[in-house]
J.: 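Would you mind keeping the following structure in view while I ask a few things?
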Amino acid sequence: GIQVEQSPPDLILQEGANSTLRCNFSDSVNNLQWFHQNPWGQLINLFYIPSGTKQNGRLSATTVATERYSLLYISSSQTTDSGVYFCAVPQISGTYKYIFGTGTRLKVLA
Amino acid sequence: GAVVSQHPSRVICKSGTSVKIECRSLDFQATTMFWYRQFPKQSLMLMATSNEGSKATYEQGVEKDKFLINHASLTLSTLTVTSAHPEDSSFYICSATAQETQYFGPGTRLLVL
């Protein structure tokens, strides 16, 4: 089955710093989402981004489907950005049965 | 965005009892919902696909007799952990799809003593 790896596994930033999180997947996909899991466990949608680039405030994401990776950029990080970031792709193309990446645990220090 | 709710948010039960978790899509209909399980500091693992009006489909290694799923309406799916044991303690999360996007419930923390 498809494998999804994220890097780095852990990241500590000073408030105001920028960061790039990476998601590599082992097979072609037609769908990819980025999520933020807050300290209480709630998963929050960040981007639905099967290809191309999207921006939402301080966050932006780029997926290069042909090269099987996606990047999440966080600029001017804030303490509220802390948590775990997951990318997820369909286990089976054309479905919403998602397999989640290994996650990046981010801690932003004040 | 679409909203998915779960109830209860946390539950503590004795070993051997059964626990029911509800997942509701509040402002949209979902013919398909998904149930995930997450252990501390780990990623989410898909357990099963809940299909409205038909049987759930389970991922390899997930015991269907242990984790009973019922999708009785277009807005409600339930997961029942039967004869729970301490190893069933985990964070259970449901999701549903709206407009090509997966929306997740807030999760249910189950602790089996």
J.: Side chains of A:Y98 and B:L46, heavy atoms from C-beta outward: is any pair under 4.5 Å?
T.: no

J.: Can you say whether B:Q38 sits under 4.5 Å from chain A via the side chain, the backbone, both, or neither, judging by heavy atoms?
T.: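 Contact with chain A is through the side chain of B:Q38 alone.
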
J.: Cluster question for you: counting only ILVMFWY and a side-chain heavy-atom cut-off of under 4.5 Å, with indirect links fine, are A:Y85 and A:V4 together?
T.: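 Yes.
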
J.: Any idea which of B:G105, B:G107, B:S95 has the most non-hydrogen atom pairs under 4.5 angstrom with chain A?
T.: B:G105

J.: Measure distances from A:Q6 to the heavy atoms of chain B and classify the residue's part below 4.5 Å as side chain, backbone, both or neither.
T.: neither

J.: Among A:A88, A:G41, A:P50, which residue has the highest count of heavy-atom pairs closer than 4.5 Å to chain B?
T.: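 Heavy-atom pairs under 4.5 Å are most numerous for A:G41.
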
J.: Side chain, backbone, both or neither: which part of B:T97 has an atom under 4.5 Å from a heavy atom of chain A?
T.: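 Just the side chain, heavy atoms under 4.5 Å.
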
J.: In the structure I gave you, are the side-chain heavy atoms of B:L44 and A:L43 within less than 4.5 Å of one another anywhere?
T.: yes

J.: Is there a continuous path of hydrophobic side-chain contacts, each under 4.5 Å between heavy atoms, that joins B:M33 to B:L110?
T.: no

J.: Shortest non-hydrogen contact from B:Q102 to A:Q33?
T.: N-OE1, 2.8 Å

J.: Determine, using the 4.5 Å side-chain heavy-atom cutoff (strictly less than), whether B:Y103 and A:L46 are members of one ILVMFWY cluster.
T.: no

J.: Would a distance-only check, ignoring hydrogens and angles, find a side-chain to backbone donor-acceptor pair under 3.5 Å from B:S43 to A:G101?
T.: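 Yes, because the side chain of B:S43 sits within donor-acceptor range (under 3.5 Å) of the backbone of A:G101.
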
J.: Above 12 or not: heavy atoms from other molecules or residues under 6.0 Å from NE2 of B:H85?
T.: yes

J.: Donor-acceptor pair, distance only, cut-off 3.5 Å: does the side chain of A:Q42 make one with the backbone of B:F104?
T.: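 Indeed, once roles are kept as given, a pair shorter than 3.5 Å links the two residues.
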
J.: Are A:Y96 and B:E100 close enough that some pair of their side-chain heavy atoms sits under 4.5 Å apart?
T.: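 Heavy-atom side-chain distance check passes, below 4.5 Å.
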
J.: Is the centre of the A:F86 ring less than 6.0 Å from the centre of the B:Y36 ring?
T.: no

J.: Are B:F34 and B:L79 linked, directly or through intermediate hydrophobic residues, by side-chain heavy-atom contacts shorter than 4.5 Å (ILVMFWY only)?
T.: no

J.: More than 12 foreign heavy atoms under 6.0 Å from NZ of B:K66: is that the case here?
T.: yes

J.: Please check if A:V108 and A:L11 belong to a single hydrophobic cluster, counting links between Ile, Leu, Val, Met, Phe, Trp and Tyr side chain heavy atoms closer than 4.5 Å.
T.: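 Linked, A:V108 and A:L11 end up in one cluster.
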
J.: Step through the shown structure and confirm whether more than 12 heavy atoms of other residues, nucleotides or ligands are within 6.0 Å of CD on B:E87.
T.: yes

